[in-house]
Novice: 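Quick one: this structure, given as structure tokens, is what I'll be asking you about.
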There are 4 protein chains.
Amino acid sequence: MTFTEEQLRRVGPLWDRMLSHRFLLETRDGTLPDETFATWMRQDYLFVEAAIPFIAGLVAKAPRDHREELAGFLPALHRELELFEERAERAGVDLRGAPPSFTCHAYVQFLLATAYRCSYAEGFTVLYVAEKAYHASWKVVREGLDEESPWWPFVENWSSRAFGEWVGWLEESVDALAEGAGHQERARMQELFELTTRYEIAFWEMAVSGEEWPGIEDGG
Amino acid sequence: MTFTEEQLRRVGPLWDRMLSHRFLLETRDGTLPDETFATWMRQDYLFVEAAIPFIAGLVAKAPRDHREELAGFLPALHRELELFEERAERAGVDLRGAPPSFTCHAYVQFLLATAYRCSYAEGFTVLYVAEKAYHASWKVVREGLDEESPWWPFVENWSSRAFGEWVGWLEESVDALAEGAGHQERARMQELFELTTRYEIAFWEMAVSGEEWPGIEDGG
Amino acid sequence: MTFTEEQLRRVGPLWDRMLSHRFLLETRDGTLPDETFATWMRQDYLFVEAAIPFIAGLVAKAPRDHREELAGFLPALHRELELFEERAERAGVDLRGAPPSFTCHAYVQFLLATAYRCSYAEGFTVLYVAEKAYHASWKVVREGLDEESPWWPFVENWSSRAFGEWVGWLEESVDALAEGAGHQERARMQELFELTTRYEIAFWEMAVSGEEWPGIEDGG
Amino acid sequence: MTFTEEQLRRVGPLWDRMLSHRFLLETRDGTLPDETFATWMRQDYLFVEAAIPFIAGLVAKAPRDHREELAGFLPALHRELELFEERAERAGVDLRGAPPSFTCHAYVQFLLATAYRCSYAEGFTVLYVAEKAYHASWKVVREGLDEESPWWPFVENWSSRAFGEWVGWLEESVDALAEGAGHQERARMQELFELTTRYEIAFWEMAVSGEEWPGIEDGG
């Protein structure tokens, strides 16, 4: 069994919880309130922006044979930002006004701290799980969402075959990195696998709960 | 007006909210449930442990005239860990079992990401606010807590004159750094000032709310 | 006077020494021994490879409005590597065999340490000087080199109008960063400006001197 | 055979070259020109200063059970600086005037880049080799130097039993880290082992050669 098979089995209950999150099911069924989707858009836009320094931080530590593929993902993130901007304009959502929510800010800090402080294989694990989670999540939405929906382009973006190939490369690569890792590094990769899954769930939850910063009920 | 005076005024409402947090008032009045204090102890123990790489990360970027003072704080953190261990044993609290809560994990990532990615003056701002907040918070507790309380040594630790002198050095230093900073760096220092205050409030809130990871009600 | 005008004037004697280095003049005049050019190729190939993590490290700290431009330079570096490979094959030079020379290794460490430890404006200064130096150096070679020379594509690469526009963007940007910097950060930018110029000279010198690691005359 | 035994055997010829370097033998025999020793003092003073951010960078990545021991080395470095200052004053050497030599600057960049970019085990390998090299080198000097020599306190500092115990802890620790490392990380540890040895030799060589920055004969 590969590392990713092993880990996806281990975090299975968390993974299922993520894929059956109300945000995904209601988006799929067309019953999610527009304002909830707008909240997600505003926060995920900030998250994609912050993914650029995260990926760059990984490129800075990458072995030679990963650099080109990984760096090639940076323009894809810039295109993703344009997708958000275009969709937001169409839906009358203002992306720029929003400060990061607590969960969005926290998740971004987790990405950055990992890229800088952990080994390449550890940081790469976080990237893999985040991308795999998005691919799987938007495939859930794809199963029911009307292709005429204004949110369809997000489905297209993350559940597409092209994105699936990127996730496939990440999967093979993380398996190879785990294969070459010592047992302590491998243990840290496992821990980060689960933590990333937890942050992914927290992100969907934040969108539907209208979360405030803890202890600051009225937004501070 | 110095930078810190200016900022403490600007974030005043947040700062007041922090100092009047239920965790502090009830600890002061001796009405906080033991289990709530135990939750805080377990999480703050993890936080102090993680403060060591944070401080070390700052030392790595520090100008020559800050290095010795800042590095001298590392043994103080090791003594703080011993204080937690000794108090926990006395109160029958097991410090080692607990995984980090969402807020604790997030706050630690924020410290680490800042130490690595931001400028020295920016990272130093976060350190100052966290230490100033603890000094001020435990002075609130001091106003009412019985000196016979098992928690008194925490009051002693953070509201002491010695700790106050350390905070004084941090305050003078951050003011000097802000004085020498360009306007963009100074703007980022201000943003981090507020963010750190928000994380401090979130930490007290986590202790009293018995917080779970978002979207994982039963602890996952 | 802009920051770059000021600094180019300040390091003028070093800059002149660089532009009149024997490596450049003899390449221009077609009198440089092939083996010397091959030494440079092998070492600069390693240097360009290492510039990828350096640029990525800068992207990881870049303000939003620099990220896309800067990340767009990564594919240019991959194309530069292909240029080396293609030229080397044509000239029968084996690029892969060579370990880094002392100066090449040292310069790479300087880039990486700067990207990680210094502020963005400081790291960006090093990038600007290195690129400006290459643009200026290969314009010297352009003045005399026969367009039929196998080395002409290097002249084309670094003295081209497109490369000049990139250097122009770097120049405007570093001037703006210096404008916004506090006096201490600006002083560090000046120091790095000179240091980078010194490393550039050392690199040409290494190619012509057939340098060994110091104290290891026979290559160790 | 442990990792360090294996590596010390592998780099044996380089290690021997280091221990029989003219700087060490002539210091031992009392025949080294005072000005050469002064050059070394000025540069090593800068090097010890820069070792502080290097060690701090390692502490920031260290596993919990290494942090206290490693952080405890920071005050030792401050005491080493005082030793230099005291010896320099006694010998009428001005430590403050000198800019770093090329080799000193390069070695420092190597330390910092490694601490930030490489894994903990890799950075720790560099620390071990540098300390082991100093311990071994000053034991060579100890064999002949007159205890009345003004340089004797340096011998005492690095060839002492206390320093030997520190090197012993580093040795056990690096062996354990290598044991737990995957084969790629271990290969990088080996490469860094040799590189550090080369930089150590370069440092002694710089002191005796009166090295200038390459290509800048008159000091630029």
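What you see below is based on every heavy atom in this structure, not just the backbone, and it leaves out hydrogens, waters and symmetry mates. Worth saying up front: this structure is predicted, and the values here are computed from it rather than measured. Protein chains get the first letters and strands the later ones, always in sequence-line order, with residue 1 at the start of each.
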Novice: For the CD atom on C/E6, are there more than 12 heavy atoms of other groups (residues, nucleotides or ligands in this structure) within a distance under 6.0 Å?
Specialist: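 Yes - once you tally the heavy atoms of other residues, nucleotides and ligands closer than 6.0 Å, there are more than 12.
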Novice: Go through B/C118, B/A60, B/S119 and name the one with the most non-hydrogen pairs under 4.5 angstrom from chain C.
Specialist: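 Counting heavy-atom pairs under 4.5 Å, the top option is B/A60.
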Novice: Tell me whether C/E85 at atom CD has more than 12 heavy atoms from other residues, nucleotides or ligands lying less than 6.0 Å away.
Specialist: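 Enclosed: over 12 neighbouring heavy atoms sit under 6.0 Å from CD of C/E85.
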Novice: More than 12 heavy atoms of other residues, nucleotides or ligands under 6.0 Å from CD of B/E86: yes or no?
Specialist: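 Result for CD/B/E86: enclosed.
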Novice: Which atom pair, heavy atoms only, marks the closest approach of C/R117 to B/K61?
Specialist: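 Looking at all heavy atoms of both residues, the closest pair is O-CE, 3.7 Å.
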Novice: Starting at CD of C/E185, measure out to CD of B/E185 and round the result to the nearest 0.5 Å.
Specialist: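 Answer for the CD-CD pair, C/E185 versus B/E185, is 5.5 Å.
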Novice: Would you mind checking which part of C/Y116 comes under 4.5 Å of any heavy atom in chain B, side chain (CB onward), backbone (N, CA, C, O), both or neither?
Specialist: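 C/Y116 touches chain B through backbone heavy atoms alone.
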